Amino acid sequence: MDSSSELEPEEISKPANWTLALTVCSAAIGGTFQYGYNISIINAPTSYIQRFINETYAERWGVGLEAPQVTLVWTLIVSAFSLGGLLGALLAGPLSVRFGRKNSLLMNNSFLFVGAVLVLACRAARSFEMILLARFLVGVNSGVSMNVQPMYFGESAPKHLRGAVAFSSAVFTAFGIFLGQVVGLTEILGAEPLWPYLLASNALPGLIQLLTLPWFPESPRYLLIDRGDREACVRALGRLRGGEAPVSEMEEMLQEQEQQAAAAASKPGASAKTPWSLFKDPGLRPQLRTVMAASSAMMLCGNDSIYFYAYYIFLAAGIPPEKIQYITIGTGASELTASILSNLLIERVGRRYLLVGGYCLMSCWSVVFTVALILQSRGVASMAYLSMVCVFAYILSFGLGPAGVTCILPAEIFDQTARPAAYMVAGSCMWISLFLVGMLFPFLVKGLGSFCFLPFLAVCLVSAVFLGLTLPETKGKTMAEITADFDRKNAAKEKKEGPDARVDEPVRERYQLGRARSSTSLMEDPDPDPDPVPEHKNGDLN
């Protein structure tokens with residue numbers, strides 16, 4: 001179904017709302033932009049920081065480190081970013097519930113500023129440990145923003161723009177990667193005397209966010225459902241929609257608030273989901289499995305390792321060392337281009353096709369890249385450039401789907417009470433996977449040589465098959481409709497497993513209540529009688 005057919009007349013004719021667009025820019029410049037920026041800026045000063053590690057160690061102990069030891073320390077510095085991200089992902093849920101989505105993003109900048117001070121002072125203090133701690137704090141900042149920002153966007157955007165607004169997180173991530181690569185050029189901040197300023201330059205986007213984001217509204221859903229402040233919700237929704245709060249959206253949110261209140265009354269503690277309670281709830285396990293698989297695959301596919309270790313990859317591909325920094329910029333430009341294109345396509349093509357299709361394309365390019373490396377090792381001419389093209393194509397395929405759709409999923413397939421906990425679980429899977437890949441990738445390159453991308457090929461193939469089988473399309477659907485799709489898949493599975501299997505009754509009741517209300521709240525109903533429900537909308541799980 002084309003999502004445009006589900007729009008109300010006021011949504012079609014309403015002029016562009018600049019408040020929503022500026023809110024997105026302000027939140028993202030200090031949010032997922034920082035994740036991409038901090039991934040890419042660490043690549044340019046690799047040799048300078050390794051030399052600094054060896055020099056400071058020799059000053060302390062009178063003897064320098066051997067090359068494998070320097071590589072190990074450098075790998076720990078790179079991986080500290082992932083460990084910080086894991087902590088940030090665990091903090092994101094409690095912070096977003098206690099302080100709100102917007103305030104959590106604002107508070108999150110404190111980690112950046114402390115990290116910038118540590119990096120600027122490390123040379124005077126002759127301490128490479130300060131770099132490691134700074135990267136850890138920057139990782140905490142990225143872990144919080146990677147979870148809170150998509151949540152903020154998903155709860156603030158109208159239904160017909162939900163995918164495009166949420167996908168803008170991936171656009172700003174790619175923009176951060178690209179800008180970090182440009183700033184890291186030797187002609188700008190990539191020269192040896194300037195590398196501390198390069199690593200500390202992430203404080204500037206954080207400062208921009210601190211000066212701009214307080215002027216924009218909090219998530220309307222958070223204000224209504226979590227805080228119970230209906231007046232503040234109406235004001236925030238009106239500002240984000242460029243006028244008065246749409247009645248249909250208020251009805252949907254009030255319906256969800258009623259569902260949460262009913263769930264809390266029937267099952268004490270249901271209004272405050274934790275990661276553990278998600279694992280224990282059989283009605284949410286299909287969604288949780290899907291999100292965990294998608295989040296893990298996003299990092300295990302190896303795309304971000306290209307930014308961490310771009311120098312090693314292109315050196316192995318036969319690119320002259322003096323040209324690598326310019327070739328690396330092309331990787332960031334590729335993902336930025338792909339993410340912008342995907343942002344334009346997501347409401348037309350849908351989430352599922354972009355995600356599965358992206359992994360299928362990445363699988364194909366992994367095969368071509370492996371063949372190119374094998375032929376290159378046997379002296380076949382021009383294979384280095386084919387390898388380089390494969391890297392660009394791999395990143396383009398990643399940007400078309402997995403880069404942005406993965407971050408959208410928890411916001412779309414979990415309700416308000418489960419969403420923060422779902423992002424904690426998804427973020428933990430993502431950062432643990434990134435840590436493992438960041439630690440193992442240099443050894444994969446050395447140990448497997450031309451076959452170093454085969455593990456990533458396996459990840460992409462398995463992810464494409466699994467997500468294709470388990471993930472329903474969420475484009476243009478309400479929370480109740482998405483939940484019903486998962487329930488239907490789960491019910492079919494249970495029916496195969498045993499004749500007495502049935503859907504959990506509380507889940508069934510929430511589905512029927514939400515479905516009946518959604519037909520009048522979110523779609524233009526030509527029938528003046530609001531009670532009847534269209535036959536195709538009133539599905540039963542039996």
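All values reported here derive from a predicted model rather than from experimental measurement. Positions are given from 1, in the same order as the sequence printed here.
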Original post:
Going by heavy atoms in the side chains, are L204 and S201 under 4.5 Å from each other?
Top reply: no
**OP:** Name all residues meeting the side chain to side chain contact (heavy atoms under 4.5 Å, CB included) criterion together with P275; count only those two or more places apart in sequence or in a different chain, and write none if there are none.
**Re:** A421, M424, V425
Original post:
Taking the side chain as C-beta and beyond, is there a heavy-atom pair between L224 and D229 under 4.5 Å?
Top reply: no
Original post:
Of the non-hydrogen atoms in P205 and I29, which two are nearest, and what is the gap between them?
Top reply: CB-O, 3.3 Å
Original post:
Which value, rounded to the nearest 0.5 Å, describes the distance between R227 atom CZ and S219 atom OG?
Top reply: 11.0 Å
**OP:** Not counting sequence neighbours, list each pair that qualifies as a ring pair (Phe, Tyr, Trp, His ring centres under 6.0 Å) and has a residue in residues 399-437.
**Re:** Y35-W431, F81-W431
Original post:
Okay, side chain of S168, backbone of V165: is any donor-acceptor separation there less than 3.5 Å?
Top reply: yes
Original post:
Quick one: side chain to side chain donor-acceptor pair (under 3.5 Å) partners of S433, sequence neighbours excluded?
Top reply: none
Original post:
So, the side chain of S142 versus the backbone of V138: is there a donor-acceptor pair under 3.5 Å, distance only?
Top reply: yes
**OP:** Check side chain to side chain donor-acceptor pair (under 3.5 Å) between S428 and all other residues, then give those that pass, not counting sequence neighbours.
**Re:** none
Subject >> side chain to side chain contact (heavy atoms under 4.5 Å, CB included) between R135 and V78, intermediate numbers included >> reply: CA-CA 7 Å; R135 290 294 294 177; V78 172; 5.9 Å; no
Original post:
Can you check whether S277 reaches T274 side chain to side chain, under 4.5 Å on heavy atoms?
Top reply: yes
**OP:** Please examine the side chains of R101 and D226, heavy atoms only from C-beta on, and report whether any two atoms are closer than 4.5 Å.
**Re:** yes
**OP:** Please name the pair of heavy atoms, one in C429 and one in S295, separated by the smallest distance, quoted to 0.1 Å.
**Re:** CB-CB, 4.3 Å
**OP:** Give a yes or no answer on whether the side chain of E335 reaches the backbone of I395 with a donor-acceptor pair at less than 3.5 Å.
**Re:** no
Original post:
Does a side-chain heavy-atom distance below 4.5 Å link Q287 with V291?
Top reply: no
**OP:** Would you confirm whether E218, through its side chain, and A236, through its main-chain N or O, come within 3.5 Å as a donor-acceptor pair?
**Re:** no
**OP:** Would you check if T470 and R289 make a side-chain contact, meaning some heavy-atom pair closer than 4.5 Å?
**Re:** no
Original post:
Where the side chain of S26 meets the backbone of T23, is there a donor-acceptor pair that is under 3.5 Å apart?
Top reply: no
Subject >> Residue list, salt bridge (charged side-chain N to carboxylate O under 4.0 Å, His left out) with R221, at least two apart or on another chain >> reply: E252, E256
**OP:** Can you sort out the partners of Y222 under side chain to side chain donor-acceptor pair (under 3.5 Å), two or more places apart, ordered by chain and number?
**Re:** none
Subject >> ring-ring contact (aromatic ring centres under 6.0 Å, His included) involving F466 - partner list, sequence neighbours excluded >> reply: none
Subject >> Closest non-hydrogen atom pair, G184 against A44 >> reply: O-CB, 3.3 Å
Subject >> ring-ring contact (aromatic ring centres under 6.0 Å, His included) partners of F33, counting only residues at least two apart >> reply: Y37, F175
**OP:** Find the distance between CG (L132) and CG (L76) and round it off to the nearest 0.5 Å.
**Re:** 6.5 Å
Original post:
Under the side chain to side chain contact (heavy atoms under 4.5 Å, CB included) criterion, do S334 and T337 qualify, and how do the steps go?
Top reply: CA-CA 5 Å; S334 297; T337 302; 5.9 Å; no
Subject >> Full working for side chain to side chain contact (heavy atoms under 4.5 Å, CB included) between Y353 and R348 >> reply: CA-CA 10 Å; Y353 286 115; R348 295 178 178 272; over 6 Å; no
**OP:** Mind checking side chain to side chain contact (heavy atoms under 4.5 Å, CB included) for S104 and listing every partner two or more places apart, or none if nothing turns up?
**Re:** L95, S96, F99, V148
Original post:
Should L300 and F456 count as side-chain neighbours, where that means a heavy-atom distance under 4.5 Å?
Top reply: no
Original post:
Where do L20 and S156 come nearest, in terms of heavy atoms and distance?
Top reply: CD1-O, 4.1 Å
**OP:** Would you check if V183 and L198 make a side-chain contact, meaning some heavy-atom pair closer than 4.5 Å?
**Re:** yes
**OP:** Kindly say whether P220 contributes a backbone atom to a donor-acceptor pair with the side chain of E155 at under 3.5 angstrom?
**Re:** no
Original post:
Counting only heavy atoms not in R285, do more than 12 fall under 6.0 Å of its CZ?
Top reply: yes
Original post:
Any donor-acceptor pair under 3.5 Å linking the side chain of K102 with the backbone of F216?
Top reply: yes
Original post:
Taking the side chain from R352 and the backbone from L471, do they hold a donor-acceptor pair closer than 3.5 Å?
Top reply: yes
Subject >> Partner set under side chain to side chain donor-acceptor pair (under 3.5 Å) for T32, not counting sequence neighbours >> reply: Q149
**OP:** Just jot down the side chain to side chain contact (heavy atoms under 4.5 Å, CB included) partners of V182, sequence neighbours excluded, or say none.
**Re:** F178, I188, I329
Subject >> Point-to-point distance, once rounded to the nearest 0.5 Å, from OG of S397 to OH of Y359 >> reply: 11.5 Å
Subject >> Separation between CD of E251 and CD of E258, rounded to the nearest 0.5 Å >> reply: 10.0 Å
Subject >> Straight-line distance of L179 CG to I41 CD1, nearest 0.5 Å >> reply: 10.0 Å
What side-chain donor-acceptor pairs closer than 3.5 Å can you find for residues 105-117, not counting sequence neighbours?
residue : atom : partner : partner atom : Å
N108    : ND2  : N141    : O            : 2.7
N109    : ND2  : L105    : O            : 3.2
N109    : ND2  : L106    : O            : 3.3
N109    : ND2  : Q209    : OE1          : 2.8
S110    : OG   : M107    : O            : 2.8

Subject >> side chain to side chain contact (heavy atoms under 4.5 Å, CB included) assessment of M146 paired with C407 >> reply: CA-CA 8 Å; M146 287 288 285; C407 296; 4.3 Å; yes
